[in-house]
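Comments concern the structure below.
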Protein chains: 2
Amino acid sequence: MAESDAQSSGTAPKRIRTITDLAKIAGVSPGTVSRALSGNSLVNNKTREKIEAIAREHGFRPNQMASKLRMQKTGVIGVAIPLGHDVRQQISDSFFITLLGYLADELTEKGYDLMLRRVIPAQDEDWLDRFIGSGMVDGVIVVGQSDQFDRIEDVADGYLPMVVWGNHQEGQRHCVVGADNRLGGKLAAERLIASGAKSLAFLGDTEPIEFAARYAGAREVAARMGVPIRALPTHLSPERTGKEIAEHLQEIEGKVDGIFAATDTIAVTCLRELRKRGIEVPGQLRIVGFDDLPISSQTVPPLTTVRQDIAAGAKGLVDLLLRRLAGEDTESLVRPPHLIIRETA
Amino acid sequence: MAESDAQSSGTAPKRIRTITDLAKIAGVSPGTVSRALSGNSLVNNKTREKIEAIAREHGFRPNQMASKLRMQKTGVIGVAIPLGHDVRQQISDSFFITLLGYLADELTEKGYDLMLRRVIPAQDEDWLDRFIGSGMVDGVIVVGQSDQFDRIEDVADGYLPMVVWGNHQEGQRHCVVGADNRLGGKLAAERLIASGAKSLAFLGDTEPIEFAARYAGAREVAARMGVPIRALPTHLSPERTGKEIAEHLQEIEGKVDGIFAATDTIAVTCLRELRKRGIEVPGQLRIVGFDDLPISSQTVPPLTTVRQDIAAGAKGLVDLLLRRLAGEDTESLVRPPHLIIRETA
DNA sequence: AGTAAAATTGCAATCGTTTGCAATTGACCG
DNA sequence: CGGTCAATTGCAAACGATTGCAATTTTACT
């Protein structure tokens with residue numbers, strides 16, 4: 001059966017591109033087509049069926065841009081990953097990536113699409129305003145505060161539908177979801193000390209606010225227990241991390257016997273360097289990580305770590321965001337982390 | 001200077017929401033504002049500066065929905081991840097996730113935004129048409145063919161700007177980027193045999209077309225060398241994988257001495273199960289993985305694997321897609337994988 | 001059959017930008 | 001000073017869907 005075309009017979013040759021084309025074919029007005037296709041309105045069943053049939057046959061779908069413009073909402077949630085400290089950080093860090101996966105799940109389930117944007121604040125001061133003001137998204141989830149805490153704070157007052165993954169600070173104005181990093185740091189330090197460490201080190205960048213809090217928690221415990229602790233700064237890009245850790249290990253050999261890694265990723269790399277150097281874990285040196293990534297249970301020996309529940313975190317982010325979209329001014333959600341004792345401490 | 005309006009003093013109370021508001025304040029027409037803000041057009045420098053100043057001051061940004069509607073392009077590339085076989089597969093599989101990270105990088109760099117959509121074809125037959133026809137994206141990258149080869153083929157003829165990550169088959173119509181899986185399979189089998197294996201097994205789901213090709217390559221080599229090979233089907237969801245592999249190992253104990261894992265993720269899990277059972281690698285059993293994920297160099301012993309260059313793959317996807325957006329009908333890009341010899345085979 | 005009420009449909013304005021074309025302004029030259 | 005030409009600007013029609021309101025058709029009932 002086929003199309004033919006032009007002035008002759010059969011079915012319409014021209015593709016249906018707009019609701020108006022379809023209306024013409026169906027012999028009704030565009031308004032009716034719109035109502036029929038959106039389902040909910042009051043349209044005669046027979047008309048609706050006819051319209052739907054035509055739409056199906058021609059594979060027609062209403063243009064979303066037009067629809068969204070008219071409806072003043074996009075059905076899209078923006079997810080921004082600011083890469084403040086270390087440009088390649090989060091992309092390779094399975095923590096963020098895993099979180100992203102769960103976010104996609106949750107949002108999809110709630111009927112939202114997800115627009116992903118990596119931002120390098122150093123190159124684009126205005127990233128957050130741009131993202132929000134773009135009119136492309138109904139709300140924003142920021143994954144990781146990076147070094148952008150202040151910028152996020154600035155925006156928070158004027159823009160309700162934003163939720164941030166990260167650390168919570170007394171009196172902050174933006175809504176965050178995250179683990180209690182300070183508590184996590186305490187748990188880690190306590191465990192290291194309990195398993196015999198006499199001198200601690202925090203391995204990782206202490207700039208990012210989440211990490212700073214972890215370190216602070218560890219310091220608090222260390223101070224209370226009279227154990228020394230030092231920070232060993234590390235970048236997060238996988239290429240540099242290995243070398244840096246090796247250097248640190250060289251330097252602290254014999255002086256430190258308990259390492260609290262800012263991240264499981266770092267802990268795993270560290271574990272590998274230790275093996276290279278023939279240092280026994282946990283015999284000579286104890287390690288505790290943070291996150292409890294899937295790999296962490298698979299290392300040799302399996303990693304003792306502080307677990308944050310990523311799936312629950314994602315659910316929390318989406319839940320709060322939806323409530324904010326509905327106008328509610330939600331509180332932050334800080335979940336307690338849990339110590340997972342395996343074999344490295 | 002200043003705005004006046006309302007009945008009193010200072011700065012304008014009403015927010016600038018549209019280009020027309022701004023035009024009114026600047027005392028020009030909306031058209032001029034549009035031109036000024038888009039930069040490229042012919043507008044008097046002084047006018048432009050004035051307009052830009054006002055825009056900056058009020059934090060005004062043109063509505064993207066309207067702009068995109070008018071311009072008939074969105075600046076967004078859709079990335080679809082079909083979860084055909086195993087719903088939780090890709091989300092947890094670091095391969096896809098890593099690829100996604102690189103895609104985000106590449107697209108951002110080219111000035112595109114990335115809209116992520118997980119699809120469960122079983123629940124939504126129409127996913128690809130919907131995504132394409134939504135008018136939300138200028139082009140589509142499909143990450144993984146899953147079991148949707150045919151559906152993708154169907155669409156390929158009528159829709160140019162689509163590129164797929166996956167396996168290439170003789171005579172297929174859609175443009176893919178991917179590794180030569182069959183060759184990879186051959187490399188793996190050759191290596192296993194070269195390092196002494198006398199009886200092989202392929203560990204992983206053989207349904208997905210990429211995996212099937214890997215298995216086929218291995219079978220070809222095995223046949224040529226007169227070595228038996230069998231398939232041990234596995235799911236990819238991390239919760240089930242462990243148990244399944246354990247069962248397989250139980251069953252094949254002593255009968256198989258070379259395992260080709262469909263994926264590094266599977267290989268790593270397998271390695272762990274082998275350790276549990278006290279089987280020596282590569283002494284009693286050899287393993288080769290596929291992908292060369294970051295973890296793979298960190299296992300104990302480090303994993304021998306077939307490497308596909310994910311970053312290059314992402315670059316290829318984006319590059320081809322952009323060329324297709326420009327109207328070119330590009331060929332598929334199949335890159336040779338490389339054997340990375342470490343210690344498991 | 002006549003009429004009121006209910007159910008459908010059509011009309012036309014609207015969402016906020018972009019852009020071809022025409023009108024205006026100003027500069028420059030003889 | 002008039003005229004020509006280029007540089008700026010304004011006008012108004014798109015882009016394609018949604019929706020309040022009014023007009024029309026059905027249905028229901030007396």
Side-chain angles (χ1 to χ4, degrees), chain A residues 14-55 58-76 113 130 132-138, chain B residues 14-55 58-76 113 130 132-138:
Chain A
K14 60 146 112 171
R15 268 194 67 195
I16 299 189
R17 304 213 53 80
T18 77
I19 223 173
T20 314
D21 297 345
L22 174 34
K24 221 161 289 170
I25 296 185
V28 296
S29 77
T32 305
V33 174
S34 172
R35 284 185 267 253
L37 257 30
S38 66
N40 50 358
S41 279
L42 47 198
V43 180
N44 186 307
N45 259 340
K46 254 165 69 180
T47 337
R48 178 201 313 294
E49 276 159 25
K50 180 160 92 189
I51 292 174
E52 280 173 348
I54 300 181
H58 292 252
F60 168 78
R61 309 208 187 276
N63 179 304
Q64 298 284 355
M65 253 50 212
S67 169
K68 289 168 194 303
L69 170 59
R70 175 61 220 246
M71 311 255 277
Q72 299 289 76
K73 59 164 293 194
T74 67
V76 178
D113 272 313
R130 290 244 311 260
I132 289 172
S134 73
M136 286 284 299
V137 297
D138 290 341
Chain B
K14 62 145 108 168
R15 270 194 66 196
I16 298 188
R17 305 212 53 78
T18 78
I19 226 173
T20 314
D21 297 344
L22 175 34
K24 219 162 290 168
I25 296 183
V28 296
S29 78
T32 305
V33 174
S34 172
R35 285 185 267 251
L37 258 28
S38 67
N40 50 356
S41 281
L42 48 198
V43 180
N44 185 307
N45 259 340
K46 254 165 72 181
T47 341
R48 180 204 309 296
E49 274 160 27
K50 180 159 93 187
I51 292 175
E52 280 174 348
I54 300 181
H58 292 254
F60 168 77
R61 314 213 181 271
N63 179 304
Q64 299 283 357
M65 252 50 215
S67 168
K68 290 166 193 302
L69 169 60
R70 176 59 221 250
M71 311 255 278
Q72 298 288 77
K73 60 165 291 198
T74 67
V76 178
D113 271 312
R130 289 245 310 260
I132 289 171
S134 73
M136 287 283 299
V137 296
D138 291 340

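Letters go in sequence order (proteins before strands), and every chain restarts at 1.
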Determine the contact category for A:Val33: base if any of its heavy atoms lies under 4.0 Å from a base atom, sugar-phosphate if only primed atoms, P, OP1 or OP2 are that close, otherwise nothing. nothing
Minimum side-chain heavy-atom gap B:Ile54-B:Val33 below 4.5 Å: no
Name the residue from A:Asn44, A:Val43, A:Ile19 that meets the side-chain contact (heavy atoms from CB on, under 4.5 Å) definition with A:Thr32. A:Val43
Length of the CG-C1' vector between B:Leu22 and C:dG16, whole Å: 13 Å
Please check this pair: side chain of A:Asp113 against backbone of A:Val76, looking for a donor-acceptor N/O pair closer than 3.5 Å. no
Whole-Å gap separating P (C:dT17) and CD1 (B:Ile19): 5 Å
For B:Asn45 and C:dG26, give me the distance from atom CG to atom C1', rounded to whole Å. 16 Å
I'd like to check B:Phe60 versus B:Asp21 (side-chain heavy atoms, cut-off strictly below 4.5 Å). Are they in contact? no
Interatomic distance, B:Arg35 CZ vs C:dT19 P [rounded to whole Å]: 9 Å
Calculate the interatomic distance between A:Asn44 atom CG and C:dA6 atom C1'; express it in whole Å. 13 Å
Can you give the first and last nucleotides of DNA chain D, 5' to 3', that have an atom under 4.0 Å from a heavy atom of chain B? D:dT8 to D:dG16
Looking for any heavy atom pair under 4.0 Å, which part of the strands does B:Ser34 touch: base, sugar-phosphate only, or nothing? base
Does any part of the side chain of B:Asn45, heavy atoms only, come nearer than 4.5 Å to the side chain of B:Arg48, both counted from C-beta? yes
Which whole-number value in Å describes the distance from A:Arg48 CZ to C:dA7 C1'? 13 Å
Is there a side-chain contact between B:Met136 and A:Met65, using heavy atoms and a 4.5 Å cut-off? yes
Expressed in angstrom and rounded to an integer, what is the separation of A:Arg70 atom CZ from C:dA13 atom C1'? 8 Å
Between P on C:dT19 and CD on B:Gln72, what's the gap in Å once rounded to a whole number? 11 Å
